Every structure is written in structure tokens, then in C-alpha cells.
**Q** 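Right, I'll just put the structure down here and ask away after.
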Amino acid sequence: MPSATAARNALLIVLRDTQVLVLDAETAPTLPTLEALRHWLPSSRPRHLVARLGESDVFAVEADQADVEDHRLQFVPVRSLFGVLDGSLLDLVGRSLAVVEFEATHRFCGRCASPLAPITGERGKRCLRCNLSFYPRIPPAVITLVEHEGRLLLARSARFKTGVFSAVAGFVEIGESLEQAAMREVREEVGVEIADLRYFGSQPWPFGRSLMVGYFGRYLSGEIRVDGSEIVEAAWFHPTQLPLLPPPISIARQLIDSFVAANRLL
């Protein structure tokens, strides 16, 4: 049984869509504790245990649309905290986004519409009538950094901040391998064929509630031809003349930095 002090020091990740509640947003944003929110957050609001951080429990909470009366508290976009919050805390925020979404979308059975109940000891739900079980789904996605003669193929999505370029990414479709998905996404979005895929690493990515798997790929053939919907601009870039890039926390940036570091040694 946690002590009263440990309970008061529990971290609360309070989410509203893809915004998170922070203390002192304008100066040094931090995640609030239960003690800091005791006058604002109703005790009846469901709290979902996400993890333990040191001696403190971490709970995810879905907020309603009520205003926060404490001037020190503010909802900010999760993306705005990249490079601001510690990486381990950002990981917990990402996990909390997925937990809150799972809880909100799995209240009733998709087969018989009966209420679902938590499965003891697991992150899952079970139907009280037909006994069907549900667990959080993690859609796989791929991101591919294409290389050709010492240059990188980078693309700009319509969703990106102006001027930011990244590697080509997309979700895996039914029946595809990760490698097939990587080749298809590059072909569909920028019009070129690739080969010799090399695994780089993976990263849970909260905004698609997905697992992003990174590859290096070698250019094979074709001319750049953007699809105009997902991608609005793409070009080849030399490592010494790169455009604005995604934040360092992202696997996209890690792919790019790895390529640049390796080519600096050649």
C-alpha cells in the first residue's frame, strides 16, 4: 500500500485530445502531481495506471472540456513538449494517449454490444456476455530514409510545419511485410523504386498510436514525383545542406543523424 505522501506525489497525465495539462507552461513545463490538481480534478474522474516512475505511480486521465481555473495550469499540444520534457516523461505521455483512447473506445463489445470489464492484471477488456477479449491495437508503420550517391531523399508532408522535411513514412497494410510496405510507401508518395532495405530501429509513436519501424533504403530507379496529397514536396539533399528537420526525439531525425554521422567519417 503506497504511503499518503507517495499518493500525493503521483503524476497525473491529463489529456484532452492530443493536448496535455502542464504546470508553468510558459517557463518550465512539468507534469502535475495529484497534490497540484487536488482542487481542480474531480476525485470521481477515472484514473488509469500507466507506470511507476521511481516511487511514484503515473496515471492517465481524460479531461472534459472544462476550463482550468489555476493560472499555472495549461493544456498544450504534446508536440510542443518535444525537446522540453525529459524523454522518459514523453514516453509516458505517449503511452497515456494510447491508454486513454483504448479506455474511451472499448466500453462495449464490438460483437454483441454488451459492457466490457477490465481483465485483472492485464491491459485488456473482456465482454461480460460473450467473453470476447479486447487488447490495445498497435498499428505498425514504416519510415524509410532513401540514399543515393551520398544524398538523402527527404519529403515534406502537408501536415508538417512550414519548411520541415523528413523521411517517407506510412502505415503497413493488411497482408504486407514491413519491407513491402516501405517500398510501396516510397513508390506511392515520391514515385521512386528502392532496394536493399536495412533495418535501423523502432519507436512507439503516439500520434498514430503505432510502432514506427525505421529502414535505410537504396535508390533504384525513377524520378521524384510527389503524390500531391500526403506529400507536397520532395528533393535530394546533401548532408551538408539539409533543410529544417524533425525534432531529435523522433526516429526520423535519428535516421538522418545516423546517416550524416556515418558519411562524415567517409
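Side chains are part of it too, since the values below use all heavy atoms of this structure and drop only hydrogens, waters and symmetry mates. Remember, predicted model here, so these are calculated numbers, not experimental data.
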**Q** Hey, is the main chain of P77 close enough, under 3.5 Å, to the side chain of S80 for a donor-acceptor pair?
**A**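 Here the side-chain-to-backbone pair exists.
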**Q** Rounded at 0.5 Å granularity, tell me how far CZ in F165 sits from CG in L153.
**A**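 It is 10.5 Å, given to the nearest 0.5 Å.
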**Q** Are any side-chain N or O atoms of K125 and backbone N or O atoms of P118, one a donor and one an acceptor, separated by less than 3.5 Å?
**A** no
**Q** Please answer whether the main-chain N or O of V186 pairs with a side-chain N or O of E189 as donor and acceptor at a distance below 3.5 Å.
**A** no
**Q** Measure the spacing between OG1 of T144 and CZ of R184 and express it to the nearest 0.5 Å.
**A** 10.5 Å
**Q** So, using salt bridge (Lys or Arg N to Asp or Glu O under 4.0 Å) as the criterion, who are the partners of D257 when residues are at least two apart?
**A**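 Salt bridge (Lys or Arg N to Asp or Glu O under 4.0 Å) check on D257 returns R253.
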**Q** Within this structure, what is the CG-CZ distance for the pair L92 and R52, rounded to the nearest 0.5 Å?
**A**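 One gets 12.5 Å once the value is rounded to the nearest 0.5 Å.
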**Q** Between the side chains of R156 and E230, is the shortest nitrogen-to-carboxylate-oxygen separation below 4.0 Å, so that they form an ion pair?
**A**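 No, no charged N to carboxylate O under 4.0 Å.
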**Q** Please report the interatomic distance CH2(W40) to CG(L12), rounded to the nearest 0.5 Å.
**A** 9.5 Å
**Q** Output yes when a side-chain donor or acceptor of D227 lies under 3.5 Å from a complementary backbone atom of S229, and no otherwise.
**A**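 Side chain of D227 to backbone of S229: a pair is present.
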**Q** Would F200 and F216 count as a ring pair (Phe, Tyr, Trp, His ring centres under 6.0 Å) here? Give the steps.
**A** CA-CA 7 Å; F200 171 76; F216 289 109; 5.6 Å; yes
**Q** For E193 and Y219, which I'm curious about, is there any donor-acceptor pair between the side chains at under 3.5 Å?
**A** no
**Q** Is any side-chain heavy atom of L37 closer than 4.5 Å to a side-chain heavy atom of V14?
**A** yes
**Q** Which pairs count as salt bridge (Lys or Arg N to Asp or Glu O under 4.0 Å) when at least one residue sits in residues 201-213, sequence neighbours excluded?
**A** E101-R209
**Q** For R129, I'd like to know if atom CZ has over 12 heavy atoms of other residues, nucleotides or ligands within 6.0 Å.
**A** no
**Q** Would you call the rings of H148 and W236 parallel, tilted or perpendicular, taking 30° and 60° as the class edges?
**A**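 Rings of H148 and W236: tilted, as their planes differ by 30° to 60°.
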**Q** Kindly state each residue pair satisfying salt bridge (Lys or Arg N to Asp or Glu O under 4.0 Å) with at least one member in residues 78-88, sequence neighbours excluded.
**A**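 Qualifying pairs, neighbours excluded: none.
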**Q** Which value, rounded to the nearest 0.5 Å, describes the distance between L89 atom CG and L85 atom CG?
**A** 5.5 Å
**Q** Would you find a donor on one side and an acceptor on the other, under 3.5 Å apart, between the side chain of E35 and the backbone of N9?
**A**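 Absent.
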**Q** Kindly compute the distance separating CG (L31) from OG (S96), expressed to the nearest 0.5 Å.
**A**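 Reported to 0.5 Å precision, the distance equals 8.5 Å.
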